[in-house]
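Right, one structure below, let's go through it.
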Amino acid sequence: MALESCEKYTDTALRPGDADRYPDRLAGEFLGLVVSNDWVNKEYKHLVLKVHDRALKAYAGQFFHLLCPTPDGAEVWMRRPMSVYRVDKPKGQIEFLYKCEGRGTRGMGMLAAGDEFNIAGPLGKGFHLDPAWKNIVVLGRGVGLATLAPLSQLAAENKVGVTAILSARNPDVVMSKDLFDGLGAKTITVLDTDKSSEVANVEKVIEGLISDRKADAFFTCGSSRLLKLMQQLGKKHGIPGQVAMEQIMVCGVGACYVCMRTFEIDGVKTLKRVCRDGPVFDMQQAVGW
Amino acid sequence: MALESCEKYTDTALRPGDADRYPDRLAGEFLGLVVSNDWVNKEYKHLVLKVHDRALKAYAGQFFHLLCPTPDGAEVWMRRPMSVYRVDKPKGQIEFLYKCEGRGTRGMGMLAAGDEFNIAGPLGKGFHLDPAWKNIVVLGRGVGLATLAPLSQLAAENKVGVTAILSARNPDVVMSKDLFDGLGAKTITVLDTDKSSEVANVEKVIEGLISDRKADAFFTCGSSRLLKLMQQLGKKHGIPGQVAMEQIMVCGVGACYVCMRTFEIDGVKTLKRVCRDGPVFDMQQAVGW
Amino acid sequence: MVSGMVDLSVKIGDITLANPVTPASGAFSWEYNDVIDLNRLGGLVAKTICREPRLGNPTPRMAETEAGIIQSIGLPGKGIEYFIDHIVPEYARFTPPLIVSCSSDNIEEFALLTEELAACPDVDVIEANISCPTRNLTGQNFAMHEDYTRDAVKAIKDKCAGKPLWVKLSPNAGDIVSIAKAAEDAGADCLVIANTFLSLKIRTDNFRPALGNKFGGLVSPALKPIVLRMVYQVAKQVKIPIIGIGGVTKAEDVVEYMLAGASAVGIGYAGFRNPTALVQIIDDLEAWCNERGIKKVTDLIGAVKDDDMEMDPLVTASHGV
Amino acid sequence: MVSGMVDLSVKIGDITLANPVTPASGAFSWEYNDVIDLNRLGGLVAKTICREPRLGNPTPRMAETEAGIIQSIGLPGKGIEYFIDHIVPEYARFTPPLIVSCSSDNIEEFALLTEELAACPDVDVIEANISCPTRNLTGQNFAMHEDYTRDAVKAIKDKCAGKPLWVKLSPNAGDIVSIAKAAEDAGADCLVIANTFLSLKIRTDNFRPALGNKFGGLVSPALKPIVLRMVYQVAKQVKIPIIGIGGVTKAEDVVEYMLAGASAVGIGYAGFRNPTALVQIIDDLEAWCNERGIKKVTDLIGAVKDDDMEMDPLVTASHGV
Ligand SMILES: Cc1cc2nc3c(=O)[nH]c(=O)nc-3n(C[C@H](O)[C@H](O)[C@H](O)COP(=O)(O)OP(=O)(O)OC[C@H]3O[C@@H](n4cnc5c(N)ncnc54)[C@H](O)[C@@H]3O)c2cc1C
Ligand SMILES: Cc1cc2nc3c(=O)[nH]c(=O)nc-3n(C[C@H](O)[C@H](O)[C@H](O)COP(=O)(O)OP(=O)(O)OC[C@H]3O[C@@H](n4cnc5c(N)ncnc54)[C@H](O)[C@@H]3O)c2cc1C
Ligand SMILES: Cc1cc2nc3c(=O)[nH]c(=O)nc-3n(C[C@H](O)[C@H](O)[C@H](O)COP(=O)(O)O)c2cc1C
Ligand SMILES: Cc1cc2nc3c(=O)[nH]c(=O)nc-3n(C[C@H](O)[C@H](O)[C@H](O)COP(=O)(O)O)c2cc1C
Ligand code: FES
Ligand code: FES
């Protein structure tokens with residue numbers, strides 16, 4: 001008498017500890033085990049996942065593609081891209097910092113310790129640190145800081161000095177300061193509330209860093225306004241830079257050509273895939289964020 | 001920058017305690033509050049819901065149409081019909097007894113105390129007790145007993161004697177005995193394990209009840225074999241009977257004509273809607289269960 | 001909910017609906033009055049009636065699919081006489097206009113049926129269902145062909161005795177715009193877009209079709225973007241009003257259909273899922289309009305902003321997400 | 001998983017696939033090798049290539065819908081030369097046959113493109129995508145019409161130099177069977193059913209189409225019953241093999257398509273959702289067959305039991321649920 005069930009989807013992802021038939025692959029599909037998922041302020045949450053070893057290959061600027069649980073009984077149909085916030089190899093954990101906003105990220109917000117969470121990655125091209133650089137400037141706002149934060153780890157490992165300018169609406173939503181501080185970066189907070197986040201002031205701050213020879217390279221993410229500022233200053237002073245871009249994604253691996261952004265190379269405009277050609281791009285080539 | 005959410009479905013159902021704009025309606029859509037949802041044996045669970053007053057109108061043989069939570073991240077698209085197992089007016093609760101089997105009932109099985117559960121009803125035509133009847137015989141098997149159980153309550157209220165023959169595979173899955181016992185019914189358990197559930201034996205038991213004048217009417221649900229037996233005995237002895245039928249449903253209120261079963265009335269076969277013309281029908285008119 | 005500000009009424013030709021939310025034929029009956037206040041609805045839409053009594057299709061008539069259901073009812077009913085004597089009076093107790101859906105696979109019979117319905121004073125609108133995918137085994141029907149549509153609608157229109165004729169089209173047709181225009185030419189006063197998608201489910205446990213009739217009509221919120229596209233395309237090409245049907249589950253879906261060019265919507269699935277959905281959608285639509293200061297819901301009809309779209313991918317890719 | 005018993009291989013004309021699970025064009029590239037072992041797949045299917053370089057459609061190119069996504073990519077690519085020089089070699093590193101999808105809206109150009117591809121030794125199969133709903137703004141394409149299909153397929157077939165020609169059809173066509181027959185008549189060696197459903201989403205926050213290209217193709221597991229019906233109808237009328245594409249997310253879906261008459265399936269959405277899905281589906285299919293003692297997966301092709309269906313509703317309604 002039983003009717004067929006209409007269960008969908010096979011679930012095949014690697015759990016922490018599973019034997020890996022293909023340890024050489026760059027990426028994979030994983031069932032991470034939620035260690036914690038706490039609010040860092042009123043808008044952002046911090047997710048810590050215990051993951052399979054293969055997932056620990058992630059480096060700064062790369063992202064995972066997340067299959068979010070449903071916040072409302074209907075399915076979330078597409079994965080959500082999310083930068084790796086931190087990789088903790090000794091503990092076998094990776095971390096995400098995210099804004100709870102739409103269906104996917106609100107679904108993600110419901111995860112509780114012990115839950116499984118399906119993530120695919122690590123994907124994309126991350127940040128690159130030139131061995132010649134002694135000091136870099138990181139400028140980010142909002143969720144962009146989640147993407148930039150692991151640069152502090154990368155820089156610390158490479159003994160590169162970091163100045164992180166953290167822009168935020170108000171003191172309550174300044175993020176990742178502890179992470180940058182903890183890894184020896186110098187942090188400067190600029191705020192909307194006291195107008196210190198205005199472009200003119202940020203420009204002054206960066207010009208100061210340039211004079212102090214603390215700016216061998218620029219890194220940014222999350223704001224068109226700040227990207228433009230850094231592009232101008234970079235061009236003016238001949239300072240190279242990198243920007244992490246965002247775009248709606250489907251495959252995340254470079255197959256579908258959904259995640260296109262415009263870049264200008266030697267005066268010629270072209271489209272590139274954020275997921276595979278980026279998400280980190282040469283700052284001067286980006287045409288708007 | 002925010003994209004539209006794609007949240008679906010408005011949820012409009014009455015919660016316990018909500019003011020009722022239409023208290024006279026026979027049925028409604030309700031958000032019941034789960035009080036408990038426990039296993040009664042390896043296959044069946046017992047759900048107790050605190051519900052809005054209007055939902056308490058349910059009587060024996062009627063059903064609710066249940067919007068089950070998803071057992072697997074994908075949506076359960078259609079409601080599931082389920083008989084009312086018990087109405088506890090003083091506590092403002094209704095109860096269901098159900099087999100965890102397919103997607104819907106397994107989803108239901110996941111409900112925990114404090115959860116909300118969307119139910120629509122009460123629906124359908126329930127059992128009818130003729131004031132002339134002094135003693136009735138209830139014969140059920142498996143989940144059919146969930147449907148028949150509230151008859152014991154109805155009979156007790158009407159001071160009608162009940163003999164309940166409970167058929168089951170083995171002693172572990174005999175159900176509702178306590179409920180029948182507690183309301184003063186006489187229960188007879190017949191089992192596959194000792195072959196007492198075979199039709200010949202059940203026939204002997206019922207013939208005995210007929211001789212003892214304990215069988216003014218027959219009631220059954222859940223087994224074609226037992227329905228046929230009762231039809232024969234009913235015809236032979238001129239004893240009226242009622243049967244509760246099942247069929248796949250969509251609307252549950254009589255609009256869609258999905259839930260059809262064949263009935264034979266005065267030699268003419270016809271289709272009737274289980275949801276509105278039933279689920280309880282004249283036993284002699286049913287053509288197979 | 002802020003109330004009493006927006007005017008939710010819409011006119012479909014001479015018929016005024018108090019709001020643009022109606023049930024879809026076959027997914028509704030007066031029996032829903034047990035659960036909701038039918039007087040709240042924009043219209044009452046009766047299940048498609050055929051002239052002669054029909055038992056309908058074999059069971060099972062519904063099966064769940066990955067995302068929705070397929071169903072195959074086969075237009076059961078007790079015939080036109082019983083309908084007029086017993087069912088019309090059930091609807092006549094309520095205030096919204098009564099739209100009666102009817103069907104036949106024979107043009108002469110369709111015309112006769114129309115004549116009988118048009119003669120019934122309580123019937124306000126005749127909806128010609130020329131698009132039921134499961135009334136016979138092949139899934140064929142008038143609405144699959146421009147010419148058949150024109151012929152059928154002409155014959156039916158002739159017998160409407162001045163009552164409005166709404167024509168329900170099929171999403172299975174390849175060129176919905178031509179068929180819509182044919183229906184308009186032939187005298188349709190409104191187009192109902194659309195019926196269900198001809199579908200099949202095969203059980204992998206017993207290798208059999210899941211429905212007794214083999215084929216069924218797929219119903220699912222998933223289909224809304226397809227039907228919406230059809231409504232949009234047709235609205236650009238016809239002058240008569242359109243009722244959009246397919247996957248409406250919330251007030252925003254009503255808005256979306258209206259933006260695409262529909263004057264009202266019909267709802268099936270959502271009312272099965274939540275029997276109080278239609279009333280809630282009306283409440284939500286009112287609140288949605290009031291929050292945005294929309295004074296007349298009719299302002300939404302065809303208001304999609306599609307005339308200044310940037311077609312250079314190099315430009316659009318540099319806009320923010 | 002019991003292994004090594006069932007023979008999963010299927011033949012599509014002269015091409016042998018190790019198993020009936022292939023990716024769908026446009027939803028796959030060699031880059032998936034980062035995540036899965038491409039040698040496990042039944043075939044490798046390259047994204048549709050056009051002769052001249054194309055940027056594709058404006059962004060956004062994807063939007064989530066109630067149950068699935070709509071997408072409008074617009075066949076971007078670097079043109080046939082780059083494709084043959086740089087992309088074919090990427091695929092040639094792997095063992096499964098390489099199926100190259102190609103497209104044009106001009107028959108002569110389509111023929112030229114075919115000729116160039118056919119001359120490339122690493123290309124095993126030419127798949128003519130005559131059904132992309134979003135390569136131009138109207139959604140029109142050859143596969144909407146029997147005659148256009150016949151003409152296009154004839155011209156393409158002429159230039160295949162003996163290589164197999166698979167033809168991808170459109171689910172937006174009204175009469176899929178006639179179009180399938182036209183393709184068969186014109187020389188198609190296999191039919192790929194189907195491409196995506198032309199759709200529209202309008203944002204209710206800004207009244208604008210959600211996609212840069214306005215229309216997009218709907219992709220969703222919800223659509224499987226529609227495409228399955230098409231495969232079933234076509235399989236009864238053509239002799240060439242069919243590849244079913246639409247909503248496959250698990251091994252049972254492969255079985256269902258094969259029962260309906262498909263020889264293999266293509267998978268898009270499921271591989272986006274779970275990048276390891278295709279490999280898992282192959283494993284599950286093998287286990288499914290072994291559990292049931294099925295020795296050759298080809299035994300499933302067209303094995304639906306539909307010849308003894310009970311058509312009397314009075315009888316079927318009295319069968320158990
Ligand atoms: C490489 C990359 C790294 C990112 N890293 C982070 C991070 O570390 N922390 C964080 O909070 N956010 C990050 N984002 C943005 C994040 O992907 C979106 O916030 C998220 O997808 C929104 O999903 P939602 O369901 O909450 O929103 P909805 O608005 O419901 O989403 C609807 C659709 O739009 C897409 N979408 C919406 N906003 C964006 C966006 N900004 N970028 C790409 N797609 C979007 C969604 O993926 C989904 O497909 C990153 C984006 C990219 C591309
Ligand atoms: C009036 C009525 C009262 C019922 N009372 C009870 C009860 O008290 N306890 C109980 O355990 N069961 C009862 N049932 C049966 C119950 O409805 C099914 O067990 C349930 O719908 C199965 O859902 P599923 O998702 O677990 O199974 P699935 O097999 O996944 O269901 C698939 C589809 O088939 C339908 N379906 C499957 N079995 C049945 C069935 N026997 N009757 C109707 N539809 C079915 C489902 O509703 C669903 O639409 C009753 C059925 C009816 C019609
Ligand atoms: C069970 C059922 C029965 C239906 N019967 C009819 C019918 O008799 N006449 C008709 O024109 N449409 C019929 N339909 C189609 C609906 O009117 C409607 O077009 C379809 O369900 C799509 O709308 P939805 O997505 O809101 O459900 C029926 C649909 C269902 C689900
Ligand atoms: C992002 C995307 C891009 C696609 N590109 C192509 C393409 O280039 N050529 C083609 O023939 N089909 C293309 N399709 C259609 C798929 O090949 C397939 O027919 C469709 O996705 C249905 O299968 P699914 O339900 O398994 O996703 C594309 C689909 C998607 C989602
Ligand atoms: S998301 Fe598919 S190519 Fe980038
Ligand atoms: S379930 Fe709709 S009429 Fe019974």
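Below, read A as the first sequence line, B as the second, and so on, with proteins coming before strands; counting in each chain starts at 1. The figures that follow rest on heavy atoms only: side chains count, while hydrogens, waters and symmetry mates do not.
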Handout entry: side-chain contact (heavy atoms from CB on, under 4.5 Å) between Asn206(D) and Lys305(C), worked out
Key = CA-CA 8 Å; Asn206(D) 62 11; Lys305(C) 290 188 185 146; 6.0 Å; no
Problem - Test log, rule side-chain contact (heavy atoms from CB on, under 4.5 Å), inputs Leu223(C) and Ile226(D) - result: CA-CA 11 Å; Leu223(C) 303 169; Ile226(D) 308 179; 4.0 Å; yes
Exercise for the section: Output, in order, the C-alpha distance, side-chain angles, deciding distance and verdict of side-chain contact (heavy atoms from CB on, under 4.5 Å) for Leu259(C) and Phe207(D). Expected result: CA-CA 7 Å; Leu259(C) 293 173; Phe207(D) 291 16; 3.5 Å; yes
Practice task
Test Lys250(C) against Glu66(D) for salt bridge (Lys or Arg N to Asp or Glu O under 4.0 Å), laying out the working first.
Solution key: CA-CA 11 Å; Lys250(C) 57 188 186 304; Glu66(D) 274 66 17; 2.6 Å; yes
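For the set Asp312(D), Ile70(D), Leu55(D), the count of heavy-atom pairs under 4.5 angstrom toward chain C peaks at Leu55(D). Among the candidates Val315(D), Asp308(D), Leu314(D), Val227(D), the residue making the largest number of heavy-atom pairs closer than 4.5 Å to chain C is Asp308(D).
Minimum heavy-atom separation, Ala222(C) to Ala67(D): CB-CB, 3.4 Å. Annotation for Gly212(C) and Met311(D): closest pair O-CE, 3.4 Å, computed over non-hydrogen atoms.
When heavy atoms are compared at a cutoff of 4.5 Å, Leu300(C) approaches chain D solely by way of its side chain, counted from C-beta outward. Using a 4.5 Å cut-off between heavy atoms, Ile69(C) makes no contact with chain D at all. Residue Ile179(D) does not touch chain C at all, counting heavy-atom pairs closer than 4.5 Å. Contacts of Glu310(C) with chain D are made by backbone atoms alone, with heavy-atom separations under 4.5 Å and no side-chain atom involved. For chain D, no part of Asp175(C) is nearby; none of its heavy atoms comes within less than 4.5 Å. Only the backbone of Ala173(C) comes within less than 4.5 Å of a heavy atom in chain D; its side chain stays farther off.
Pro209(C) has its side chain within reach of Val304(D): a pair of non-hydrogen atoms, C-beta onward, lies under 4.5 Å apart. Two residues are said to be in side-chain contact when any heavy atoms from C-beta on lie closer than 4.5 Å; Thr65(D) and Lys224(C) fail this criterion. Side-chain atoms of Phe215(D) and Gln233(C), non-hydrogen and from C-beta on, do get closer than 4.5 Å to each other. For the pair Lys201(C)/Arg229(D), no side-chain contact is recorded, criterion being any heavy-atom separation below 4.5 Å from C-beta on. Side-chain contact between Leu200(D) and Pro225(C) is absent, with no heavy atoms from C-beta onward closer than 4.5 Å.
With hydrogens and angles disregarded, no donor-acceptor distance shorter than 3.5 Å links the side chain of Thr204(C) to the backbone of Glu252(D). In this structure, the side chain of Thr59(D) engages the main chain of Ala317(C) through a donor-acceptor pair within 3.5 Å.
Atom CG of Leu218(C) sits about 11.5 Å away from atom CG of Leu228(D), to the nearest 0.5 Å. Once rounded to the nearest 0.5 Å, the distance linking CG of Asn213(D) with OG1 of Thr316(C) reads 10.0 Å.
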